[in-house]
2 protein chains.
Amino acid sequence: MTEPHQLAAAERLLAVDAFGTKCVFRPIMDQVTTRWATLILAALLIGPHRFSELHQRVGGISQKMLSQNLKALARNGLVAREVEPTIPPQVTYSLTPLGTDLAGRLTELISWFGRNGEELLRAQSDYDAAMS
Amino acid sequence: MTEPHQLAAAERLLAVDAFGTKCVFRPIMDQVTTRWATLILAALLIGPHRFSELHQRVGGISQKMLSQNLKALARNGLVAREVEPTIPPQVTYSLTPLGTDLAGRLTELISWFGRNGEELLRAQSDYDAAMS
DNA sequence: CAGCATCCGACACGATACTG
DNA sequence: CAGTATCGTGTCGGATGCTG
């Protein structure tokens with residue numbers, strides 16, 4: 001069952017005060033639970049990657065989105081960026097301890113979808129069939 | 001530590017074949033890890049809600065996004081929609097067993113942000129200070 | 001009450017081209 | 001190699017107004 005303190009955290013995130021001020025953590029969650037950020041963190045959980053390695057590993061991502069998301073993840077202290085000042089330059093991305101923690105939890109979520117994805121797809125077809 | 005089978009699930013999600021076909025589960029994850037879907041599932045974990053109750057509970061959401069996300073969640077078999085054919089009509093939303101499972105895991109994630117949110121904010125200011 | 005329809009702005013995202 | 005700059009498109013998401 002779900003723990004009470006977790007429900008409390010959820011309620012805090014749901015809350016909006018009388019002036020319409022939302023929880024300060026929402027923007028952060030938005031950034032990290034983006035399609036690409038999740039995949040990038042999962043990829044880095046495998047190990048440190050160069051930029052081009054990540055570009056290959058995370059299938060379908062554009063350079064723009066990759067660099068953009070990496071910047072956001074670095075800003076939030078989840079990803080460490082290490083530059084080797086050679087020519088051509090070598091940049092290695094790795095997870096910080098905080099990032100490793102989060103990436104592990106996100107990967108649990110991913111594996112949940114791996115386990116239950118078929119059932120979700122079945123529900124979709126049932127729903128669509130019932131609509132028509 | 002992260003389990004091997006979880007890493008395998010992650011790699012499956014990262015993969016793209018030679019024809020550019022992405023993993024079929026990605027669209028589903030995109031739908032469910034949306035800003036609003038996460039919050040709605042968390043709200044429903046507290047208990048079944050009417051439409052207007054959800055609208056109040058999930059602070060800042062518009063009617064449009066609420067109905068749109070509820071429809072998607074219902075289509076994926078995560079949320080059950082029950083209509084009482086009275087006048088005015090009463091519609092109650094609740095979690096299916098599958099939805100309860102997922103919502104619990106998402107709430108774990110939310111509570112992670114509750115615990116580590118301060119540190120993320122601190123990392124942001126450090127990063128911004130170093131840039132200027 | 002529980003919504004759908006419509007308009008509209010903002011931004012996510014991709015493709016392409018260019019730089020240290 | 002590791003990005004940045006620019007452009008164009010599509011979707012997200014809010015505001016408003018209307019219906020059974």
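First the proteins, then the strands, lettered A, B, ... as listed; each starts at 1.
In this structure, Ser67(A) and Ile61(B) both approach DNA chain D, and ranking their closest nucleotides by distance from the 5' end singles out Ser67(A). Mapping Pro88(B) and Gly60(B) onto DNA chain D by nearest heavy atom places Gly60(B) closer to the 5' end of the strand.
Around atom CD of Glu53(A), more than 12 heavy atoms belonging to other residues, nucleotides or ligands sit under 6.0 Å away.
Remark: C1' of dT6(D) and CD of Gln63(A) are 14 Å apart, rounded to the nearest angstrom. Summarising the geometry, the separation between NE2 on His55(A) and C1' on dT4(D) is reported as 14 Å, rounded to the nearest angstrom. Rounded to whole angstrom, the span from the CD atom of Gln68(B) across to the P atom of dC12(D) amounts to 7 Å. Rounded to an integer number of Å, the gap from Leu66(A) CG to dG3(D) P is 8 Å. Residue Lys71(A) contributes atom NZ, which lies 9 Å from atom C1' of dG3(D) at whole-angstrom precision. Following rounding to the nearest Å, Phe51(B) (CZ) and dT19(D) (C1') show an atom-to-atom distance of 14 Å. For Lys64(B) and dA15(D), the NZ to C1' distance is 10 Å, given to the nearest whole Å. Straight-line distance from the CG atom of Asn69(B) to the P atom of dT11(D): 16 Å, rounded to whole Å.
Between Asn76(A) and Leu120(B), the shortest heavy-atom distance links the atoms O-CD2, 3.1 Å.
Side-chain atoms of His55(B) come within 3.5 Å of backbone atoms of Ile61(B) as a donor-acceptor pair (strictly under, hydrogens ignored). Under a 3.5 Å cut-off, the side chain of Thr34(B) and the backbone N or O of Ala37(B) do not form any donor-acceptor pair. Of the possible polar contacts, none joining the Arg75(B) side chain to the Ala123(A) backbone as a donor-acceptor pair under 3.5 Å is found. Judged by distance alone, with hydrogens and angles left aside, the side-chain atoms of Arg26(B) form a donor-acceptor pair with the main-chain N or O of Leu13(B) at under 3.5 Å.
No continuous path of ILVMFWY side-chain contacts below 4.5 Å connects Met131(A) to Leu70(B), so the two sit in separate hydrophobic clusters.
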Any chance you could lay out the side chain to side chain contact (heavy atoms under 4.5 Å, CB included) test for Leu109(A) and Leu106(B), step after step, and finish with the verdict?
CA-CA 8 Å; Leu109(A) 202 61; Leu106(B) 288 175; 3.8 Å; yes

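Side-chain nitrogen and oxygen atoms of Tyr93(A) include at least one within less than 4.0 Å of the OP1 or OP2 phosphate oxygen of dG3(D). Neither OP1 nor OP2 of dC1(D) sits under 4.0 Å from any side-chain N or O of Arg50(A).
Between the CD1 atom of Ile110(A) and the SG atom of Cys23(B) there is a distance of 9.5 Å, given to the nearest 0.5 Å.
Residues of residues 24-44 of chain B having a heavy atom closer than 4.0 Å to DNA chain D, listed by number: Thr34(B), Arg35(B), Trp36(B).
Think of the region where chain A sits on DNA chain C: with heavy atoms and a 4.0 Å cut, that region ends 5' and 3' at dC13(C) to dG20(C).
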